Amino acid sequence: MGTSSDGGRPWQSYTTAYTNAKAGMDGVDKDKVQRVVYEMSKGSKYFENEQRKEAFTKQKVEHLRAQVVKLSEKDILHFEMIANKRILELEASRDLSKIWLHTDMDAFYAAVETLENPSLRGKPMAVGGLSMISTANYEARKYGVRAAMPGFIACKLCPDLIFVPINFEKYMFYSELTRKVFRRYDPNFISTSLDEAYLNITEVCINQGMSSDEVATELRNAIFEETGLTCSAGVAPNQMLAKVCSDINKPNGQFILPNDRKAVMTFISSLPIRKIGGIGKVTEHVLRDALGIKTCEDMLQECALLRALFSSCSSDFFLSVGLGLGSTTTPKQKMRKSISNERTFRTTKDESFLLQQLGDIAEALSNDMDKECLSGRTLTLKLKTASFEVRTRAVSLQKFIHSKEDILQFASRMLKAELPLSLRLIGLRMSHFSDDKIGTLDPMQKTIVGFLSSDATGLSAMHIENKDRPNIGDKVEQQEVFDFNDRQSMQGMEVGLPSIDDHSGGRHDGRSFQCESLQSVCSDDADGFNMNSSCLDESKSSISVEPNRSMDPVGATSTSSHKAGLIWVDDYICSVCGIELPPSFIEERQEHSDYHLAEMLQEEESSCSSGQVARERYRFMHKETQAGESSSRKKKQKVKHIPIEAFFSKQV
DNA sequence: GGGCCAACTCGAG
DNA sequence: TTCCACTCGAGTTGGCCC
């Protein structure tokens, strides 16, 4: 982003959610749009935050590249064999018997506003405000104006742009009209938003003796007659492809992909991965720059790398994309999982103002919950600082709440624990709803939180007011001493293979563990949060060691190889747990061996009366290898399995 | 080993 | 002059506990 390598055109590398092409933007001078966006953004806090985020993505890319370099030819062949086997399995699951139709209303909000106010017709118009645009009509898109773009930037691109405020009631009314039409074709249609839906039109095609092309035309005509609005449609053998197809002939058009394997594979071969739902800016960047994957076909070409570097569920998703596979079933009715309310305001550190905002948000959230008869027990506070850094703090309660008073009580505690802080956004989210809607069940009856808590008011997992000593639940306070960005930047790399970079003991919770153990190690210090680093390192393993005991390193090493009994079956598979690691991943294999050694020592410890020898041996080995922290990750990877249908948002 | 938890990222519309 | 939203779902992690 704006480096010396950009040839004096730094805006070309500044990409946002709104600098990519969208329907109706084919003739737009992309370079000009990017330059304007860049010029209006550079130097701002927002811009700086975007730079930080991009730096983290680049770290991910570099990490993956390093892993690729380490793979030997033998490794590649090995993973290619596994990937090819998986491709055959996925291919066998291909279902070409269903016909799915995806509809997408054309510039929905803008079209509704124009329908109700015809004087807007033919003029560039956007729904939203100076801070953010929700959608823009096709006249505005010719200037590069589009959804998710700040209004003040849109004004620069199109000085004559007309702004219309959002009116959700109107959009919901028209959305319901479209749904009445959808029901005629598929009573169980899947609505993904006010203006999009998936319909299984298999039966309609068979029963009415119509082609999918004819059904799509008829449906679009019906929607126009009922609403006066146009929409686009895509037809394909599955939902993923139908969604891609509906974008091809936008606006007011349709595209039919036949239920034929050859047609699907031809269609998918040159399709950019960014067109696939679930692959966004970050994933595209990582796959392109680390593995050279640009099209869906590339996913199959690089199947060995995908299998080697990502978890099985991630690589399954990528391979499915390469094969043009997607969901062909209608899921059961989904229940709401959370409800939230947030608002942005002018950056301030005025405590009374922030608490006033919090009260308003709590009231709005409570009203929204009452409308849906919801009552929840997990309350999450979201904060956005002046530098656009987002923080969240959550509390799980002993009772289900929904009233403004209850919400505000717990939200205020969390907010006050963070102040003083300069903020630009506050949000509240409620989750873990009661089954009986607004109810009085005791949710903590079988949970450990209630066991830990002595707080009769309901605050259990947090101990905000207790600043005197560290506590397992003191996540809010411990956050203060932890640079979460550093940790988070590496988080996405920990897929498929254990990370060699992370010996820190984990994230915030890892630190909280360290702080807790310091209570015994550094008991002289009244304030558990001001430990120096050496003290933290010392406490890492949370073991107190008697100084006079000694350990024979040779003996310890031989125990490692002998008693853990770890061999690599077929050069790749751990004989103890079955996890797969290529021979060239020397450090990772060493970590893995250490993990099993630690396991073995733990067993030894439990059968030994004092356990001291085993602990010291472990401590010695741990220090020698600088490893052992990623062991639980390996365990998780081994057992984790997510069905392909459920995996529609990837993790990288 | 598995469920739960808190804090976080990513993506969508 | 104005200066980058809001809502929701789904995934990850390490730690805790039974």
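Every chain is numbered from 1 and lettered A, B, ... according to where its sequence line falls, protein lines coming before strand lines. Since the structure is predicted, the reported quantities are computational estimates derived from the model, not experimental observations.
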Partners of Asp160(A) by salt bridge (charged side-chain N to carboxylate O under 4.0 Å, His left out), sequence neighbours excluded? none
Can you tell me if the side-chain N/O atoms of Thr135(A) get under 4.0 Å from OP1 or OP2 in dG13(B)? no
Counterpart residues, ring-ring contact (aromatic ring centres under 6.0 Å, His included), relative to Phe345(A) (two or more places apart): Phe353(A)
Remember a base hit wins even if backbone is also touched, and classify Leu425(A) as base, sugar-phosphate or nothing at under 4.0 Å, heavy atoms. sugar-phosphate
Does Lys384(A) reach a base, just sugar-phosphate, or nothing at all? Heavy atoms under 4.0 Å. sugar-phosphate
Test of understanding: with salt bridge (charged side-chain N to carboxylate O under 4.0 Å, His left out), list the residues that count as partners of Lys384(A), not counting sequence neighbours. none
Roughly how far apart, to the nearest Å, are dC3(C) and dG11(B) at atom C1'? 25 Å
In whole Å, what is the span from the CG atom of Asn49(A) to the C1' atom of dT9(B)? 13 Å
Minimum-distance nucleotide (side-chain atoms of Met132(A) versus dC8(C), dC10(B), dA5(C)): dA5(C)
Among dA7(B), dT9(B), dC4(C), which nucleotide has an atom closest to any side-chain atom of Arg424(A)? dC4(C)
Does Arg179(A) have any side chain to side chain contact (heavy atoms under 4.5 Å, CB included) partners at least two apart in sequence or in another chain, and if so, which? Ser175(A), Glu176(A), Phe182(A), Arg183(A), Phe189(A), Ser191(A), Leu194(A)
Value in whole Å for how far the P atom of dA10(C) lies from CZ of Phe317(A): 14 Å
Roughly how many Å is it from CG in Leu381(A) to P in dC8(B), rounded to a whole number? 11 Å
Whole-Å gap separating C1' (dA6(B)) and CZ (Arg413(A)): 18 Å
From the list dA10(C), dA6(B), dG13(B), which nucleotide is the closest neighbour of the side chain of Glu196(A)? dG13(B)
Within this structure, what is the NZ-to-P distance between Lys53(A) and dT9(B), rounded to whole angstrom? 9 Å
Touch check for Arg429(A), heavy atoms < 4.0 angstrom, all strands: base, sugar-phosphate only, or nothing? base
Which residues pass the salt bridge (charged side-chain N to carboxylate O under 4.0 Å, His left out) test with Lys53(A), sequence neighbours left out? Glu50(A)
Judged by nearest nucleotide, the residue sitting upstream toward the 5' end of DNA chain C, Ile339(A) or Ser131(A), is Ser131(A)
Partner residues of Ala386(A) under the side chain to side chain contact (heavy atoms under 4.5 Å, CB included) criterion, sequence neighbours left out: Thr347(A), Ser422(A)
Please state whether the rings of Tyr198(A) and His102(A) are parallel, tilted or perpendicular, taking 30° and 60° as the class boundaries. tilted
Think Thr283(A) has a side-chain N or O under 4.0 angstrom from the OP1 or OP2 of dG11(B)? yes
Base, sugar-phosphate or nothing for Ser338(A)? Non-hydrogen atoms, less than 4.0 Å. sugar-phosphate
Scan Ile133(A) against the nucleic acid and name what it touches under 4.0 Å (heavy atoms): base, sugar-phosphate only, or nothing. nothing
Enumerate the residues from residues 340-348 of chain A whose closest heavy atom to DNA chain C is under 4.0 Å, giving them by residue number; use none for an empty result. Ser340(A), Asn341(A), Glu342(A), Arg343(A), Thr344(A), Arg346(A)
From C-beta outward on Phe388(A), which listed nucleotide comes closest to its side chain: dA5(C), dT9(B), dC8(C)? dA5(C)
Across all chains, not counting sequence neighbours, the side chain to side chain contact (heavy atoms under 4.5 Å, CB included) partners of Asn367(A) are Glu363(A)
Whole-Å gap separating P (dA12(B)) and CD (Glu284(A)): 10 Å
Let's see if you can work this out: which of dG9(C), dC8(B), dC10(B) has an atom nearest to the side-chain heavy atoms of Arg391(A)? dC8(B)
Would you kindly compare Lys337(A) and Met40(A) by the position of their nearest DNA chain C nucleotide and give the one closer to the 5′ end? Met40(A)
Would you write out the dot-bracket form of DNA chain C, 5' to 3', with Watson-Crick and G-U pairs under 3.5 Å, [ ] for crossing pairs, | for pairs to other strands and . for unpaired bases? .....|||||||||||||
Residue pair Ser396(A) / Thr378(A), side-chain donor-acceptor N/O under 3.5 Å: yes
Leu194(A) CG to dT7(C) C1', straight-line distance once rounded to whole Å: 12 Å
I'd like to check the side chain to side chain contact (heavy atoms under 4.5 Å, CB included) partners of Cys231(A); sequence neighbours left out, ordered by chain and number. Met105(A), Arg220(A), Ile223(A)
Once ring-ring contact (aromatic ring centres under 6.0 Å, His included) is applied, do any residues pair with Tyr174(A), and if so which ones, sequence neighbours excluded? none
Pull out every residue in residues 160-170 of chain A that has a heavy atom closer than 4.0 Å to any atom of DNA chain C, ordered by number, or say none. none
For the residue pair Ser232(A) and Asp106(A), confirm or rule out a side-chain donor-acceptor distance under 3.5 Å. yes
Distance in angstrom units between Lys275(A) NZ and dG13(B) P, rounded: 13 Å
Would you mind telling me which of dC8(B), dC10(B), dA12(B) lies closest to the side-chain atoms of Val282(A)? dC10(B)
Closest non-hydrogen atom pair, Ile339(A) against Leu365(A): O-CD1, 3.6 Å
Arg146(A) side chain N/O closer than 4.0 Å to the phosphate oxygens (OP1, OP2) of dC4(C)? no
From dC8(C), dC4(C), dA7(B), nucleotide with atom closest to Arg393(A) side chain: dA7(B)
Quick one: are His402(A) and Leu374(A) in side-chain contact, heavy atoms under 4.5 Å? no
For dC10(B), does OP1 or OP2 lie under 4.0 Å from any side-chain N or O of Lys60(A)? yes
Looking for any heavy atom pair under 4.0 Å, which part of the strands does His432(A) touch: base, sugar-phosphate only, or nothing? sugar-phosphate
Closest to the 5' end of DNA chain B, once Thr192(A) and Thr57(A) are matched to their nearest nucleotides, is Thr57(A)
